[in-house]
Amino acid sequence: MSSLKFWVPGTAGPGSTLDRENQESIVQSAPAFASLSIHNQRERLPIFKHRQKLLYAVEKCGVMIVVGQTGSGKTTQLPQYLMEAGWTSEGNIIACTQPRRVAATSVANRVATEVGSLLGDEVGYTIRFEDVSDKQRTRILYMTDGMLFRETLVDPLLSRYSVIMLDEAHERSLYTDLLLGVLKKIRRKRPSLRLIVSSATLDAAAFLDYFTSNATPDDATIVSLEGRMFSVQVFYLREPAPDYVTAAATTAFEINSKHGPGDILIFLTGREDIDRCLEELSEIIPRSSPRIALRPLHAGLSTEEQLAVFEPAEPGTRKVIVSTNIAEASVTISGIKFVVDSCFVKIRVYNPTTGLASLVTVPTSVASATQRAGRAGRTSPGICYRLCTQQAFNLLPHSTPPEITRTDMTTPILQLKSLGIDNLMKFEWVSAPPAESILRALETLFAAGMVGEDGRLTPTGQKVAECPVEVGIARMLFSSKEFQCGEEILTIAAMCSIQDVFIIPDGAPGALAELERRKFTAEEGDHLTLLNVYNAFTRYGKSSSWCKNHALSFRALSRAISIRAQLKKYMQRFNLPLESCQGDAKRLRKCLVSGYWRNGARWVGDGTFKSVRGNRTMYVHPTSVLFTRKPRSGWVVFHEMEETKKTQIRIITEIESEWLLDYGHKYEDKRGNGTAVG
DNA sequence: TCAGGGGGG
């Protein structure tokens with residue numbers, strides 16, 4: 001095996017392989033603190049040195065940008081300082097948003113312990129399906145950004161909060177961006193509201209600019225906090241590697257041969273890369289010393305398989321975790337001393353002109369690579385090997401484009417309109433979505449009957465804005481009254497909102513799993529197949545062992561149960577009956593067409609379909625029951641279309657072509673240029 | 001013909 005030549009910045013001559021000299025620290029070394037598991041006892045991180053400064057800044061400035069690296073204590077300590085300083089008097093609440101559910105729950109748990117409160121009493125959390133807070137007593141509330149954004153639909157001034165902290169704002173999640181825009185507006189009407197935006201260094205100035213434009217110049221400030229990380233040496237390739245998967249395997253092997261104990265975390269782009277890397281590594285294992293234990297990590301794994309990455313390897317064995325981006329922020333594994341970064345990531349990009357989402361592999365950003373490197377320095381000093389040259393690294397963008405610029409804006413715009421924000425061109429976006437994206441969203445909302453000729457929400461649009469589903473699904477829910485199939489459509493809506501229902505592993509177990517999946521097949525297509533799966537799951541007691549025996553994801557199906565229960569409440573509120581179609585699949589399929597009226601397709605004979613809109617060639621996704629079968633009528637509707645290696649459609653149901661005219665075209669016809677079939 | 005970056009409501 002040829003070894004890769006790495007070097008570190010600052011070395012003049014050629015560096016030896018895995019050169020340990022002349023290190024570049026990306027994170028300043030800070031005093032090592034003991035672990036933060038404290039019971040009913042306050043312990044301050046270095047943040048306490050800045051306590052007065054922070055409180056002064058919050059009091060004097062409307063907006064405070066906090067720059068604090070991992071371990072600075074901003075998330076856990078800052079809300080406590082604010083509570084002690086009186087920001088929760090008179091029933092006021094301090095909110096702290098997180099882009100992820102696990103973060104909201106785990107941080108709330110920790111802070112409740114530090115404060116000496118029961119979780120859900122003085123300190124609580126709110127995520128979808130779980131409100132562990134007390135309406136009267138909770139003073140510090142951790143929540144997902146999506147939940148706080150939803151709250152604006154009910155209380156547009158967010159009047160119960162005195163301070164709102166948007167944590168991890170540099171990640172630029174869709175709802176954090178929407179909240180930034182809405183909160184800037186709210187602060188004009190309610191200047192007493194304080195806003196804290198926590199960000200990484202690179203984005204702090206941009207946030208400051210955003211809040212100081214069109215406002216009083218001294219209205220915002222930046223405060224920096226010390227991190228609590230160990231130093232991480234960063235190495236770059238001397239020459240570009242032709243194949244980053246092989247390079248990753250080679251690097252892991254060399255680390256294993258030349259370095260002392262410590263687990264290795266490899267960042268690759270997807271399951272295909274991961275499997276190949278594992279294969280290459282397993283060929284090396286017999287020659288490897290110490291022994292290595294290989295662990296894949298990606299979202300498609302079952303809960304059990306994911307938990308395996310947390311189990312310590314046997315003594316004398318080094319754990320090598322080969323992961324997607326899931327390990328960058330969502331999953332934290334302790335004991336990692338070495339990070340191998342391919343410097344690539346897969347992201348979803350939405351093309352507003354075609355309405356097509358694609359999954360593309362792109363170079364990571366500097367922010368993302370820094371975060372990945374930091375995974376090596378959580379418990380001790382670490383080393384990060386970037387599988388690119390430093391010259392290439394210097395060309396990387398500072399950050400990944402915000403989600404709001406690369407996603408379908410239909411639902412967000414419906415929600416903004418529900419807030420009374422009708423002039424979207426005047427809305428102060430932190431990063432504006434492409435104009436075509438806004439236009440397409442408006443056009444979709446108009447065609448769906450959610451927005452009227454005047455650009456304002458229709459009564460249905462107002463209702464749908466509150467409902468946590470896409471507009472097509474919402475339309476199905478509403479027209480289920482006409483087709484008398486609310487019971488079944490409700491289940492289908494929930495099942496379409498979850499991912500990875502079937503767990504199909506590689507190799508021989510995968511073939512068995514395929515056989516299991518066929519047991520649920522409905523000849524009409526995937527929607528009825530999903531309905532069968534859900535009904536069987538509930539019939540057999542919602543058991544995890546039953547799921548395991550039938551190659552189904554217990555996690556996903558449990559989620560479907562929760563989503564269905566939530567949507568059921570909306571249906572009751574909107575006076576939509578929960579009738580069963582009594583096995584009349586035709587009614588059910590007509591109802592599907594009313595939601596998917598723009599997603600019609602025609603079979604063209606070679607196994608592919610042509611889209612009704614745009615006449616695009618589309619391939620059936622291999623997970624569809626129609627993958628191997630021609631629809632008798634020749635016509636289908638589909639739930640979504642995505643471009644990977646080719647354009648694929650997922651969750652497909654056979655229909656009659658005239659249904660597209662009967663149940664789909666009425667809204668488009670109003671515009672005079674719509675064609676439902678053609 | 002053969003497939004799944006990661007989140008959120």
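Lettering of chains follows the sequences in order, A, B, ..., and the numbering in each one begins at 1.
Across all strands shown, G607(A) has no heavy atoms under 4.0 Å from either base or sugar-phosphate atoms. Contact annotation for L359(A): base contact, defined as any heavy-atom pair under 4.0 Å involving a base atom. Residue S330(A) is in sugar-phosphate contact alone, with no base atom involved, counting any heavy-atom pair closer than 4.0 Å across all strands shown. Among the heavy atoms of the strands, none lies under 4.0 Å from T361(A). No engagement by F149(A) is indicated, since no non-hydrogen atom pair under 4.0 Å with the nucleic acid exists. As judged by a 4.0 angstrom heavy-atom cut-off over every strand, V469(A) is placed among the base-contacting residues.
Take F149(A) and apply the ring-ring contact (aromatic ring centres under 6.0 Å, His included) test, not counting sequence neighbours, and it matches Y175(A). Partners of E654(A) according to the side chain to side chain donor-acceptor pair (under 3.5 Å) rule, which considers only residues two or more places apart in sequence or in another chain, do not exist here. Residues satisfying the side chain to side chain contact (heavy atoms under 4.5 Å, CB included) test with T460(A), not counting sequence neighbours, are M450(A), T458(A), V464(A), F478(A).
Exactly one residue among F267(A), F344(A), Y385(A) makes a ring pair (Phe, Tyr, Trp, His ring centres under 6.0 Å) with Y244(A). That residue is F344(A). A side chain to side chain contact (heavy atoms under 4.5 Å, CB included) with M495(A) is found for one member of I563(A), D526(A), V501(A) and no other, namely V501(A).
Contacts between residues 272-279 of chain A and DNA chain B, defined by a heavy-atom separation under 4.0 Å, are absent. Listed by residue number, the members of residues 93-106 of chain A with any heavy atom below 4.0 angstrom from DNA chain B are P99(A), R100(A), R101(A).
A salt bridge between R573(A) and E466(A) is present, with a side-chain N of the basic residue lying under 4.0 Å from a carboxylate O of the acidic one. Salt bridge status for R276(A) with E272(A): absent, with no side-chain N to carboxylate O gap under 4.0 Å.
Between T269(A) and T411(A), the residue anchored closer to the 5' end of DNA chain B is T269(A), taking for each the nucleotide with the nearest heavy atom. Mapping C467(A) and R348(A) onto DNA chain B via the closest heavy atom, the residue that lands nearer the 5' end is R348(A).
Applying the 90° criterion around 0 to the glycosidic angle, dG4(B) comes out syn.
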*Evaluate ring pair (Phe, Tyr, Trp, His ring centres under 6.0 Å) for F638(A) paired with H621(A), printing each intermediate quantity in order.*
CA-CA 11 Å; F638(A) 57 89; H621(A) 196 275; over 10 Å; no
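Without hydrogens or angle criteria, S611(A) side chain to N615(A) main chain gives a donor-acceptor distance under 3.5 Å. Under the 3.5 Å distance criterion, the side-chain polar atoms of S558(A) are matched with a main-chain donor or acceptor of F554(A).
Nucleotides of DNA chain B with any atom under 4.0 Å from a heavy atom of chain A span, from 5' to 3', dT1(B) to dG9(B).
Under the 4.5 Å side-chain criterion, counting only non-hydrogen atoms from C-beta, K185(A) is in contact with F427(A).
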